[in-house]
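Okay, structure first, notes after.
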Amino acid sequence: MTNPISFVSLGPGEAGLVSLKGRQRLVEADCIFCPQTVARTGHPVSRAADIVSQLGVPAGALCFFRLPMSKERGAALLAYRALAAEARRLWMQGKRVCIVAEGDAGFYSSVHYVFERLREAGIPVEHVPGIPAFIAAGALAGLHVASQDERLTVAPGNISADEVAGLVEAGGTVVVMKLSQCADEMRRCITLHPGYSYHYFENVGTAGEVCLHEPESIVARQFPYFSLLIVKRPL
Ligand code: SAH
């Protein structure tokens with residue numbers, strides 16, 4: 001049986017939070033495709049590669065790809081297509097191929113489009129699940145993220161202050177991902193409803209991890225890409 005192309009979830013940033021199955025796939029891989037971005041300084045950075053390189057993977061197995069972060073779908077589709085084609089080419093040569101993603105590879109994860117493309121082309125693929133950032137964030141703060149009858153809403157940065165308030169007033173918990181895309185709305189929410197329970201997280205699982213609960217300190221923060229907010233009604 002041919003090995004599938006494995007989409008390995010890396011969790012939020014700490015190598016210890018990669019599953020045993022995920023690690024196994026990575027140490028056996030010939031090629032591990034890691035997402036890379038360009039920092040403000042102009043240097044290429046890859047949080048995924050930082051995690052993978054702590055796992056004892058074969059030297060030289062790492063390779064990099066860049067996916068456009070903009071909402072412009074055309075450029076993104078071209079990049080997915082190119083990554084799928086390269087993964088497929090190596091797989092056809094009998095190589096063991098992994099494509100990694102931060103958090104879980106099926107939760108707001110661009111590489112899932114590549115997974116779907118390969119699956120549609122009849123290439124065997126597998127998704128090794130991982131810990132999403134918001135679950136790791138809840139653990140960091142010792143939160144019971146959702147309990148009893150509470151509903152949990154996860155929003156990807158397109159949520160308004162009023163929508164968050166409506167959900168919280170109804171007794172729900174709201175997780176706001178991609179915080180940098182709705183920074184003004186979330187600052188407005190905090191200013192209008194300072195009595196809610198806010199838990200702000202940045203770079204969970206890395207050396208630069210931040211966890212804040214004071215509304216004033218959260219409002220004053222510049223929300224980087226790797227930040228999220230959990231909002232609840234106070235106990
Ligand atoms: N697949 C990822 C989500 C990717 S979407 C997962 O399962 O968690 C990208 C968003 O995830 C970021 O904008 C941020 O809101 C959140 N995120 C991912 N990693 C994070 C981290 N280490 N700390 C805080 N937020 C993180």
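We number each residue from 1, following the sequence as shown.
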Inset, instruction - State yes or no: do Val97 and Val27 share one hydrophobic cluster built from I, L, V, M, F, W and Y residues joined by side-chain heavy-atom distances below 4.5 Å, directly or via other members? - result: no
Legend entry - Residues Arg188 and Glu185 bridged, charged N to O under 4.0 Å: yes
Legend entry - Leu26 side, atom CG; Ser19 side, atom OG - distance, nearest 0.5 Å: 8.5 Å
Inset, instruction - With rounding to the nearest 0.5 Å, note down the distance linking CG in Leu10 to CG in Asp50. - result: 10.5 Å
Inset, instruction - Using a strict 4.0 Å threshold on nitrogen-to-oxygen distance, state whether Asp184 and Arg187 make a salt bridge. - result: yes
Legend entry - Nearest non-hydrogen partners of Pro35 and Glu102, listed with the distance: CG-OE2, 4.5 Å
Legend entry - Residue Tyr113 excluded, over 12 heavy atoms near OH under 6.0 Å: no
Legend entry - Nearest-0.5 Å distance, CG of residue Asn203 to SG of residue Cys211: 12.5 Å
Inset, instruction - Compare all side-chain heavy atoms of Cys182 with those of Asn158 and state whether any distance is below 4.5 angstrom. - result: no
Do any side-chain atoms of residues 218-229 form donor-acceptor pairs under 3.5 angstrom with protein atoms, and if so which ones, sequence neighbours left out?
residue	atom	partner	partner atom	Å
Arg221	NE	Glu202	OE1	2.9
Arg221	NH2	Glu202	OE2	3.0
Ser227	OG	Pro224	O	2.7

Legend entry - Arg233 and Glu169 ion-paired at < 4.0 Å: no
Legend entry - Side-chain donor or acceptor of Asp104 paired with backbone N/O of Pro129 under 3.5 Å: no
Legend entry - Contact summary for Asp30 and Gly94, nearest pair of heavy atoms: OD2-O, 4.4 Å
Legend entry - Ser6 side, atom OG; Trp91 side, atom CH2 - distance, nearest 0.5 Å: 13.5 Å
Inset, instruction - Taking side chain to side chain donor-acceptor pair (under 3.5 Å) as the test, write out the residues that go with Ser160, two or more places apart. - result: Glu163
Legend entry - Of all pairs that satisfy side chain to side chain donor-acceptor pair (under 3.5 Å), the ones with a partner from residues 204-218, not counting sequence neighbours: His199-His213
Legend entry - Side-chain heavy atoms of Gln181 within contact of Leu179, under 4.5 Å: no
Legend entry - Salt bridge present between Arg89 and Glu86 (N-O < 4.0 angstrom): yes
Legend entry - Side chain to side chain, Val168 and Val174, heavy atoms closer than 4.5 Å: yes
Inset, instruction - Test side-chain contact (heavy atoms from CB on, under 4.5 Å) on Met186 and Val231 and set out the steps. - result: CA-CA 10 Å; Met186 290 310 104; Val231 191; 5.7 Å; no
Inset, instruction - Using the side-chain contact (heavy atoms from CB on, under 4.5 Å) rule, take Lys21 and Gln24 through it: C-alpha gap first, then chi angles, then the decisive distance, then the call. - result: CA-CA 5 Å; Lys21 182 173 177 178; Gln24 189 65 28; 5.5 Å; no
Inset, instruction - Could you please spell out the steps behind the side-chain contact (heavy atoms from CB on, under 4.5 Å) verdict for Val45 and Val38? - result: CA-CA 6 Å; Val45 284; Val38 179; over 6 Å; no
Legend entry - Same cluster (ILVMFWY, side-chain, under 4.5 Å), Val145 and Phe107: yes
Legend entry - Separation between CD1 of Ile32 and CZ of Arg96, rounded to the nearest 0.5 Å: 12.0 Å
Legend entry - Contact check, side chains of Tyr80 and Ser110, non-hydrogen atoms, under 4.5 Å: yes
Inset, instruction - Grab the two heavy atoms, one from Cys189 and one from Tyr198, that are nearest each other, plus how far apart they are. - result: O-OH, 3.2 Å
Legend entry - Same apolar cluster (I L V M F W Y, side chains within < 4.5 Å links), Tyr196/Met177: no
Inset, instruction - Determine whether more than 12 heavy atoms belonging to other residues, nucleotides or ligands lie under 6.0 Å from atom CZ of Arg66. - result: yes
Legend entry - Closest non-hydrogen atom pair, Arg117 against Ala84: CD-CB, 3.8 Å
Inset, instruction - Looking only at non-hydrogen atoms, find the nearest pair between Phe7 and Val111 and report the distance. - result: CE2-O, 3.4 Å
Legend entry - Nearest non-hydrogen partners of Val8 and Cys98, listed with the distance: CG2-SG, 4.0 Å
Legend entry - Whether Lys232 side chain and His144 backbone form a donor-acceptor pair below 3.5 Å: yes
Inset, instruction - Decide yes or no on side-chain contact (heavy atoms from CB on, under 4.5 Å) for Val204 and Phe134, but give the supporting numbers first. - result: CA-CA 9 Å; Val204 172; Phe134 82 93; over 6 Å; no
Inset, instruction - Side-chain contact test, heavy atoms from C-beta onward, threshold under 4.5 Å: evaluate it for Ile230 versus Phe201 and give yes or no. - result: yes
Inset, instruction - Could you walk me through whether Asn3 and Arg25 pass the side-chain hydrogen bond (donor to acceptor under 3.5 Å, both in side chains) test, one step at a time? - result: CA-CA 10 Å; Asn3 293 304; Arg25 293 292 185 272; over 6 Å; no
Inset, instruction - State, with a plain yes or no, whether a side-chain heavy atom of Leu17 is found less than 4.5 Å away from one of Glu14. - result: yes
Inset, instruction - Hey, could you give me the CD1/OG distance between Ile99 and Ser9, rounded to the nearest 0.5 Å? - result: 12.0 Å
Inset, instruction - Determine, using the 4.5 Å side-chain heavy-atom cutoff (strictly less than), whether Val176 and Leu143 are members of one ILVMFWY cluster. - result: no
Legend entry - Student check: side-chain heavy atoms of Leu167 and Ile159 closer than 4.5 Å: yes
Legend entry - In one Ile/Leu/Val/Met/Phe/Trp/Tyr side-chain cluster, 4.5 Å: Leu67, Val100: no
